[in-house]
Amino acid sequence: MLSQLLCAGLLALQASAAVSWTATPFNPPSVPLAVRSPYLNTWLPQGQGQALNDAWPTMWTGSITAWAGLVKVDGKSYSFLGVPAVEGSPYTKATQKSLTFTSTQSIFVLSAGPVDLTVTFLSPVEPTDFVRFSIPLSYMHVSAASTDGASHSVQVYSDISGEWVSGATEWDIQWSTTTSDVVSHQISLVSPAKFEEVNDHSQYGNWYYATLNGKGVTAQIGRDSVVRAQFLNNGVLSTVKDNNFRAISDSWPVFGLAKDLGKVGSSAADVTFAIGHIRDPAIKYVVAGNKKQERSLYFWSKFSTAQQVVSFFLKDYATALKSANALDKKIQTDAAKIHPDYAGIVELSIRQSLAANELTISKNAFGLWDTSDVLYFMKEISSDGNTDTVDVMFPASPIFFYLNPKLGQYLLEPLFRYQATGLYPNKWSVHDVGAHYPKADGHNDGTDEAMPVEESGNMLILSLGYARATNDLSQIKRYKNLLDQWTQFLIEDSLIPANQLSTDDFAGQLVNQTNLAIKGIIGIKCMAEISKLLGDTKKADNYSSIAADYVTKWTALATSKTGPHLTLNYGNDASWGLAYNLYSDLHLDLKLFPQSLYEQQTAWYKSVANEYGVPLDTRHTYTKTDWEVWTAAIMSDVEGRDLFINGLKKYLSDGSNRAPFSDWYDTKTGVTSGFIARPVVGGHLALMIL
Ligand SMILES: *[C@@H]1O[C@H](CO)[C@@H](O)[C@H](O)[C@H]1NC(C)=O
Ligand SMILES: *[C@@H]1O[C@H](CO)[C@@H](O)[C@H](O)[C@H]1NC(C)=O
């Protein structure tokens, strides 16, 4: 036993990236820094490992969002964040000792001479407090403590560049600084464009970089080398104003904040920075009569200016940290109970998944905020930018079931409400409500990316799931006609699915897809359960028996004649794929498929696994991390389940990737195939909601 453990330990060591700091739970492909919205989405790429002061942070797209951090200790200068170039004012790099990530925080400890800096990047997750939940700001908290028993003079500096403001650096920006209870820089485009993006950056709204006002706090805006040299040479910033508004890359204006922490002993002194992007309205949404409604983030129901939000957020740090620590602990405990390595996979998924979404409200006829009209919107980050893609919400759904299933209903609502207007012409469910975020203009011509069985099944499965989990039947009551319409379509097209796309559209169209048929049949069964909840037992019985009949017929069509496994598509005996759609049968306790099927698939996947996991299907060697975890959850034994977790952990921790958690990678090489920072990683919580 002991030698086995030792052996496993050595293997684990080999598989992880060789970094010079302690990484807990492991060194990930990219470390989330400020990850709270589709636009506040900045990371520190890793690959073989990059310390906090080895590289610039980047947006999920990979474009630089320069964020600098410098510290002076007894007059000696160190960098702790980014790679600021400052001619004539030399500094040395503080030494990174550790990196820890939790669900909501990334914590770096760096030593700067006789002082240790603990730099905590906190992106709060408050799934039941919608005001806090919807504030698109993140914290960077820097605390300094002496490590040699003596006290030392410490000044901390940080700035951001205009690169946060637009995806193209030739755009002109303007700025101002507000000083009250907080010192806050506000930066925006000179010529904003409402609801537009450039390279996935929002083209309107304001960026904020702020800290609490108080003794020893100074602020300055100006050319990067000027402002940074001012701090390095003096330990404080200058009141000289640079109001020469110009392009982001024209003498690179930066927005600096500094705090003199005074004499720091072994008990820590600290400073908190807030960074974020606030735009209003946030979303344009199609409503009855093809009119467009402008919607705002939920927090506006409690604040009237952005400055108030920034000030509240900064003063809220202690509360936010306490709440974050409690949530981190709960998630860690729940996940580690399943498998210790599973916890790290889940923790790396939380901020990324939630940051793709924004919670909105509208104003009523009197111009007052209507907090009873809540719609949650999702950006299909990276794969194409659609608004509210059903087959992205579906894989992401476990995170909402786990954190607050009400959020799941708020996500479905824009899709339901749009299709209930009658503006969408197809008999199956729409794929998304807008070709590009943050616009939700609908698809009145019906030419959205067609995934008829996929999306209809997804809507039925999620509607039932959230209705049960919230005990709130109002949504399924309101939209029972649409749900029934989609069920009719599934009865026609799910046992023998026509040539069409499934969610795995990158693999192309295919006729008679085994796994897609499972989705459709489960969808029919879900309508039976929905009918039961709504008191229509006749319909419930009818749909239940249709689903059961389809399972029998499907089993004959979908089982390979040459091997004990399901095929990828009917009649193609050598083919197979991840039958992840079976997950809903277990999750919703539908008991449609026999235990023997789960056992058969468990044995099969064990026999076809590659070094980094099990391929998605026989067409390629790549796989999807979300579908791997869903499949892990349907395995009939622990060994089968752990096969998936081990492969995924190895992919995440071996140092060969540097993008924010990519859900698509090769099972032979462990290298990312594309798709980064997507919300579908919320699906990694699938094991936690069974
Ligand atoms: C789909 O499967 C059905 C049932 O096996 C079969 O009759 C039909 O020919 C298949 N369609 C195609 C295009 O192969
Ligand atoms: C069951 O549902 C199908 C599909 O909607 C319908 O054609 C059939 O008439 C129904 N049967 C009964 C007994 O209601």
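Counting starts at 1 for both ligands and their atoms, in listed order.
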(request) For Asn542, counting its heavy atoms only, list the atoms of ligand 2 lying under 4.0 Å from any of them. (result) 1 (C), 2 (O), 3 (C), 8 (C), 10 (C), 11 (N), 12 (C), 14 (O)
(request) Considering only NZ, NE, NH1 and NH2 on the basic side and carboxylate oxygens on the acidic side, decide whether Lys553 and Asp549 come within less than 4.0 Å. (result) yes
(request) Considering only NZ, NE, NH1 and NH2 on the basic side and carboxylate oxygens on the acidic side, decide whether Glu197 and Lys439 come within less than 4.0 Å. (result) no
(request) Compare all side-chain heavy atoms of Val681 with those of Asp626 and state whether any distance is below 4.5 angstrom. (result) no
(message) Is there a side-chain contact between Asp617 and Ser575 in this structure, where contact means two heavy atoms from C-beta onward sitting under 4.5 Å apart?
(response) no
(request) Take atom 2 (O) of ligand 1 and look for protein heavy atoms under 4.0 Å from it; say yes if you find one, no if not. (result) yes
(message) Under 4.0 Å, counting heavy atoms only: does Thr487 come that close to any atom of ligand 2?
(response) no
(message) Please check whether Gln488 reaches ligand 2 - meaning an N/O of the residue sits under 3.5 Å from an N/O of the ligand, judged on distance alone.
(response) yes
(message) Counting the benzene-type ring for Trp, do Tyr570 and Trp554 have ring centres under 6.0 Å apart?
(response) no
(message) Checking a contact table here: which protein heavy atom is nearest atom 5 (O) of ligand 1, and how many Å away?
(response) Leu557 CD2, 3.3 Å
(message) Give me the residue, atom name and distance of the protein heavy atom closest to atom 10 (C) of ligand 1.
(response) Asn512 ND2, 2.5 Å
(request) For Tyr418 and Asn444, test the side chains for any donor-to-acceptor distance below 3.5 angstrom and give the result as yes or no. (result) yes
(request) Provide the number and element of each atom of ligand 1 under 4.0 Å from a heavy atom of Tyr570. (result) 2 (O)
